[in-house]
Amino acid sequence: MEYNYKEIEQKWQARWAAEKTFRVKEDSSKPKYYVLDMFPYPSGAGLHVGHPLGYIASDIYSRYKRLKGFNVLHPMGYDAFGLPAEQYAIQTGQHPAKTTRNNINRYRSQMDRIGFSYDWNREVRTCSPGYYKWTQWAFLKMFGHWYNNESSKAEPVEKLVAIFEKEGNANVNAACTEGPVFSAEEWKAFSEKEKSDALMRYRIAYQGETSVNWCPKLGTVLANDEVKEGLSVRGGFPVEQKKMKQWQLRVSAYAQRLLDDLEGLDWTESLKDMQRNWIGRSQGAEMIFKVGNWDVKIFTTRADTVFGVTFMVLAPESEWVERLTTPECKAAVDEYIAQTKKKTERERISETKKVTGVFTGSYGTNPFTGEKVPVWVSDYVLSGYGTGAIMAVPAHDSRDWAFAKRFNLPIIPLIEGCDVSESSFDAKEGTMINSGFLTGMSVKEAIPAAIDEVERRGIGKRKINYRLRDAIFSRQRYWGEPFPIYYKDGIPSPVDEKDLPVTLPSISSFLPTENGEPPLARAKDWTYNGYPLETSTMPGFAGSSAYYLRYMGPHNSYGLVSREANEYWRNVDLYIGGTEHATGHLIYSRFWNKFLYDLGYVCEIEPFRKLINQGMIQGRSNFVYRIKNTNTFVSYGLKDQYDTTEIHVNVNIVNADRLDLEAFRNWMPEYRNAEFILENGEYICGWAVEKMSKSMFNVVNPDNICDSYGADTLRLYEMFLGPLEASKPWDTKGIDGVHRFLRKFWRMFFNNDELCLSDGKPSAAELKVLHKLIKKVGDDIENFSFNTSVSAFMIALNELQTLKCNNREVLEQFTILLAPFTPHICEELWSLLGHEESISGARFPEYNEEYTKENTFEYPVSFNGKMRFKIELPKNVDAATAQKAVLENSLSAKWLEGRSVKKIIVVPGKIINVVC
RNA sequence: GCCCAGAUGGCGGAAUAGGUAGACGCGCUGGUCUCAAACACCAGUGCCGCGAGGCAUGCCGGUUCGAUCCCGGCUCUGGGUACCA
């Protein structure tokens with residue numbers, strides 16, 4: 001009987017679906033385990049072989065955990081709102097809902113072919129109203145809460161109102177937007193609008209004027225993590241800074257908790273580092289500099305360098321600029337600010353080295369020296385960080401140094417022996433000089449001493465700043481969750497919870513309106529109780545922030561997640577996905593979870609206990625070389641003899657870098673009559689590792705691999721390719737070896753087309769092979785070292801083959817071990833072995849050390865210290881010979897001399913353990 | 001610039017208590033089977049050398065009886081971040 005993967009895979013995929021093999025329910029009799037994949041955005045291009053890498057790993061782990069007796073929650077869904085579908089809609093007029101549905105169907109059929117063990121009954125789609133109801137619900141909760149720094153948690157706005165009514169806002173310690181202080185009387189006298197505005201500064205979901213990343217090409221604002229190097233991540237369009245009133249989430253309120261709780265997570269250090277850097281905690285001080293009659297607050301982490309301040313700088317957007325600019329300087333300052341406004345983010349970055357700035361005409365007073373220092377404006381100071389104003393210490397800050405050089409401002413060195421003629425001395429080390437009472441201290445002592453003095457004099461205080469900004473939550477787009485907010489006389493008001501979801505209306509065109517409003521403004525009757533509804537929609541990360549909770553009970557209509565389900569499944573035990581979400585989704589999701597935790601809706605402070613980043617599978621492109629102005633192509637090895645152009649060629653008509661000439665001629669009409677210059681009768685293509693993309697003709701579709709090798713081979717091969725976390729190019733060179741292994745495994749069960757197994761007791765040799773494998777595979781899966789476990793299977797199979805093993809028990813256990821990797825073939829063999837139930841209900845074999853023990857013996861020697869070394873010994877060596885061998889042959893004989901060894905443990909041909 | 005990770009045959013990669021470097025797979029070479037091919041199986045395969053032997057885990061040094069592994073200093077590659085005061 002031949003290994004017919006096509007038949008086997010179709011058969012078992014159909015059976016799993018029909019028998020709902022992977023459906024799970026809460027079951028308190030079993031320990032739970034929650035394995036989650038980062039759900040995909042269903043793009044029009046479909047899945048390529050890179051996408052399933054993480055899914056295969058998580059599937060193996062899920063199947064393994066089931067064999068280990070766990071109740072495994074392993075769901076899948078779609079992150080279905082987003083820009084590409086809408087851009088496509090603008091181009092083609094097709095409704096994004098329709099293209100999204102088509103793409104999802106395509107994804108689903110591609111995933112089904114690979115044989116994943118998802119509980120599809122729990123599928124979620126972020127764009128379905130039943131799902132986004134809960135995204136809107138969470139938003140309303142955030143709108144209805146504020147962050148109390150005293151209790152370090154979110155509390156209802158009603159409580160805040162009660163405080164305002166009693167004593168105003170002077171003593172409220174909240175994470176909030178700066179604004180005026182008011183008394184209880186003033187609060188009571190406020191108009192509705194004023195009250196709304198005051199509360200808005202406290203809400204966790206709030207509307208506020210802020211400088212945003214505006215992408216004119218996409219017609220929308222973007223969050224910081226959606227912009228890379230001044231270009232939009234989606235589309236790569238330029239982004240500029242613009243002040244706009246936008247919905248925002250007060251993520252910054254949670255900065256410290258997001259930082260602290262990283263400690264308890266089983267994530268890689270590098271990923272935690274990325275989050276730490278993104279949160280960017282820095283400890284320093286706020287200090288007041290008098291400028292005329294004004295108190296200008298600056299933030300610094302180097303209070304110790306205050307004696308070296310030679311000027312001050314304001315951000316162009318700072319509110320101080322207008323007040324501090326003298327009439328004589330006004331024209332120049334206005335001109336400078338107009339120029340910076342025109343620059344895009346990209347230009348600002350690319351011009352990093354160009355130092356620009358302008359003098360305001362005002363002078364500030366150094367609070368320590370009393371000296372007057374000029375106040376400048378420059379775009380190297382950011383309005384969004386600290387106070388938007390700095391004290392400049394050119395001797396010890398490279399940016400200040402560059403600025404001082406450019407504008408000829410004095411540079412005063414403050415650290416003994418430092419040379420600031422060519423560059424600043426930024427390191428926090430050395431002994432202070434020229435620094436009044438700080439002189440003679442080390443920098444490490446001086447920093448806190450300076451801050452203490454600042455606090456003692458009442459000219460400032462300790463302050464911790466975070467780089468993490470509040471998340472901008474509005475998008476001026478159609479294909480996203482509508483906000484459950486309407487405007488009553490201009491006051492943003494929440495839609496009643498019972499009226500959720502606010503469903504996305506159908507509209508005629510997906511473009512902004514003539515007067516620049518978002519597409520939702522085109523919707524007829526976009527109102528709530530007669531009042532206009534918000535016209536922007538939520539960003540992509542809204543729907544992905546709490547989806548892992550919804551999987552716990554996606555059909556319940558009374559809550560995001562039921563208490564019972566949440567208390568059973570708790571949080572994600574294993575999360576697999578790409579690093580690209582390190583500073584986006586993984587921050588937002590943690591924030592969202594913590595907020596819901598504060599409100600008592602979820603029982604764990606962190607959503608994802610363990611996280612693995614699978615590497616990217618890159619494309620391996622192939623090239624042909626056309627001799628210029630001809631239709632002749634020259635093989636890679638001979639191309640240097642001609643003047644050629646390198647052309648990408650479809651990798652699907654290239655096999656092991658050999659071009660299929662006929663297929664090439666048929667590939668495109670222009671190559672119909674192509675001529676070739678071959679080497680050794682073959683056309684060899686050049687190659688390069690690049691991103692997998694359509695335009696480079698290097699996309700490999702998993703369907704093709706399933707056709708020609710089968711899903712089991714694809715699964716096994718993707719794991720065999722290398723460590724899960726490593727990025728690697730897709731290369732089918734080794735796939736035959738993996739396929740060969742499966743065929744060999746299949747043949748172990750048969751003799752002349754007949755199932756042929758012996759029922760006797762396994763031999764000692766067979767048991768040794770089997771139990772070594774049980775140990776190795778179990779350990780490897782636990783450590784996500786799937787590539788080495790595939791090798792272990794190959795080695796074990798070779799050994800069993802050498803032993804001519806056809807023992808039923810041994811092969812049955814081997815099948816169970818292999819089942820998580822290649823479930824189809826294992827199900828088939830399992831059923832041929834007479835089992836009626838799916839192999840997923842089997843138990844992972846128990847490892848028995850007895851079977852794998854080496855021939856070990858111990859005997860006393862004398863020696864101090866403890867060490868191990870290796871030595872070659874003949875088989876069946878006796879103790880005396882062994883000792884002699886150790887002393888004579890070992891590289892360590894010299895070292896052993898004169899020491900007293902107590903005991904040496906010998907394994908023939910292997911390790912000898914020497915104990916003191 | 002800063003932070004993180006990595007560098008091992010012709011190739012992907014093993015070796016994670018400091019102890020036979022190169023497992024396993026690909027590729028390549030030779031052989032068996034076959035009319036032939038495919039499949040399968042057997043043997044060989046780090047480099048140099050006819051050989052004995054020598055050299056080998058990016059480079060330079062150190063610790064150790066012994067270093068791919070630990071320490072110091074470089075080089076290069078990949079990822080993150082970018083005026084965050």
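Chain A is the first sequence line, chain B the second, and so forth, proteins listed ahead of strands; every chain is numbered from 1. On a predicted model such as this, the values are computed, not experimentally measured, just so you know.
Look at the C1' atom in both U34(B) and C39(B): the space between them is 11 Å, to the nearest Å. If you take atom P in C28(B) and the same atom in G18(B), they sit 38 Å apart, rounded to whole Å. Spacing between G46(B) and G1(B) at atom C1', rounded to whole Å, works out to 40 Å. Taking atom C1' on both G53(B) and U64(B), the two are 27 Å apart, rounded to the nearest angstrom. Rounded to whole Å, the separation between the C1' atoms of C2(B) and C70(B) comes to 26 Å. On the P atoms, C60(B) is 25 Å away from U16(B), given to the nearest whole Å. If you take atom P in C65(B) and the same atom in U81(B), they sit 47 Å apart, rounded to whole Å. Using atom C1' as the reference point in both A67(B) and U8(B), the two lie 14 Å apart (nearest Å).
Geometrically, R590(A) engages W267(A) in a cation-pi contact defined by less than 6.0 Å to the ring centre and at most 45° from the axis.
Judged by distance alone, the side chains of Y683(A) and D660(A) never bring a donor and an acceptor atom under 3.5 Å apart. For the residue pair D470(A)/S252(A), the side-chain donor-acceptor check at 3.5 Å is satisfied. Under 3.5 Å, the side chains of T583(A) and D225(A) contain no donor-acceptor pair of N or O atoms.
The side chain of P723(A) has G13(B) as its nearest neighbour among G13(B), C24(B), A85(B). Nearest to the side chain of L382(A), among C83(B), C24(B), U81(B), sits C83(B). Here the side chain of T300(A) is nearest to one of C41(B), C4(B), A85(B), namely A85(B). In the set C83(B), A85(B), G12(B), A85(B) carries the atom at the smallest distance from any side-chain atom of I390(A). When distances run from any side-chain atom of K733(A) to the nucleotides A82(B), C26(B), C3(B), the shortest one goes to C26(B). Out of U81(B), A85(B), C3(B), the shortest distance to the side chain of F299(A) is found at A85(B). For F720(A), the listed nucleotide lying nearest its side chain is C24(B); candidates were C41(B), A15(B), C24(B).
One can place CD1 of I464(A) at 13 Å from P of A85(B), the figure rounded to the nearest angstrom. Remark: P of C2(B) and CE of M274(A) are 18 Å apart, rounded to the nearest angstrom. Atom C1' of nucleotide U16(B) and atom CG of D780(A) are separated by 12 Å, given to the nearest angstrom. Protein atom CD1 of I795(A) is 13 Å distant from nucleotide atom P of G22(B), rounded to whole Å. Residue L797(A) contributes atom CG, which lies 14 Å from atom C1' of G25(B) at whole-angstrom precision. Rounded to whole Å, the distance from CD1 on I451(A) to P on A85(B) is 13 Å. Protein atom CD of E2(A) is 12 Å distant from nucleotide atom C1' of A38(B), rounded to whole Å. As rounded to whole Å, 19 Å separates atom P of C24(B) from atom CG of L721(A).
Ring geometry, F425(A) versus H396(A): the interplanar angle exceeds 60°, so the pair is classed perpendicular (tilted spans 30 to 60°). Relative ring orientation between F745(A) and F749(A) is described as perpendicular, the plane-to-plane angle rising above 60° on a 0-90° scale split at 30° and 60°. A perpendicular orientation is assigned to the rings of F307(A) and F368(A), their planes being inclined by more than 60° (bins at 30° and 60°). Note: H585(A) and H581(A) have perpendicular aromatic rings, judged against thresholds of 30 and 60 degrees for the angle between ring planes.
Contact check, N787(A) against A14(B): a side-chain N or O comes under 4.0 Å of OP1 or OP2. OP1 and OP2 of A23(B) both lie 4.0 Å or more from every side-chain N or O belonging to N798(A). In this structure, S282(A) reaches the A85(B) phosphate: one of its side-chain N or O atoms is under 4.0 Å from OP1 or OP2. Between Y380(A) and A85(B) there is no side-chain N or O to OP1 or OP2 distance below 4.0 Å.
The side-chain contact (heavy atoms from CB on, under 4.5 Å) with D400(A) is formed by just one residue from the set L409(A), I411(A), I390(A); it is I390(A). For the ring-ring contact (aromatic ring centres under 6.0 Å, His included) criterion with Y717(A), the lone passing option out of W730(A), F786(A), F821(A), Y709(A) is W730(A).
Nearer to the 5' terminus of RNA chain B, by closest-nucleotide assignment, is the contact made by S270(A) (compared with the other of S270(A) and L468(A)). Summary of the strand contacts: T301(A) and D731(A) both lie near RNA chain B, and taking for each the nucleotide with the nearest heavy atom, the more 5' one is attributed to D731(A).
In terms of heavy-atom proximity, D426(A) sits nearest to R302(A) at O-NH1, 3.5 Å.
Contact annotation for P729(A): no contact, since no heavy-atom pair falls under 4.0 Å across all strands. Residue-level contact check: S791(A) touches the bases, meaning some heavy atom is under 4.0 Å from a base atom. Using a 4.0 Å heavy-atom cutoff across all strands shown, R469(A) reaches at least one base atom of the nucleic acid. R276(A) comes within 4.0 angstrom of no nucleic acid atom, judged by non-hydrogen atoms across all strands.
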Return the polar atom pairs (N/O with N/O) between nucleotides 75-78 of chain B and the protein under 3.5 Å, or none.
none

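Counting non-hydrogen atoms of neighbouring residues, nucleotides and ligands closer than 6.0 angstrom, the NZ atom of K272(A) exceeds 12 such neighbours.
Atom CG in N806(A) sits 10.5 Å away from atom CG in L800(A) (nearest 0.5 Å).
Taking a cutoff of 4.0 Å between a charged side-chain nitrogen and a carboxylate oxygen, E263(A) and R276(A) qualify as a salt bridge. Taking the charged nitrogens against the carboxylate oxygens, K728(A) and E718(A) have no contact shorter than 4.0 Å, which rules out a salt bridge.
Non-hydrogen atoms lying under 4.0 Å from RNA chain B are contributed by G737(A), R740(A), R743(A), K744(A), all within residues 735-744 of chain A.
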Please, what dot-bracket string fits RNA chain B when only Watson-Crick and G-U pairs with both distances under 3.5 Å count, crossing ones use [ ] and pairs to another strand use |? (((((((..(((......[....)))((((((.......))))))(((....)))..(((((..]....))))))))))))....
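G44(B) takes the anti form, because its glycosidic angle lies more than 90° either side of 0.
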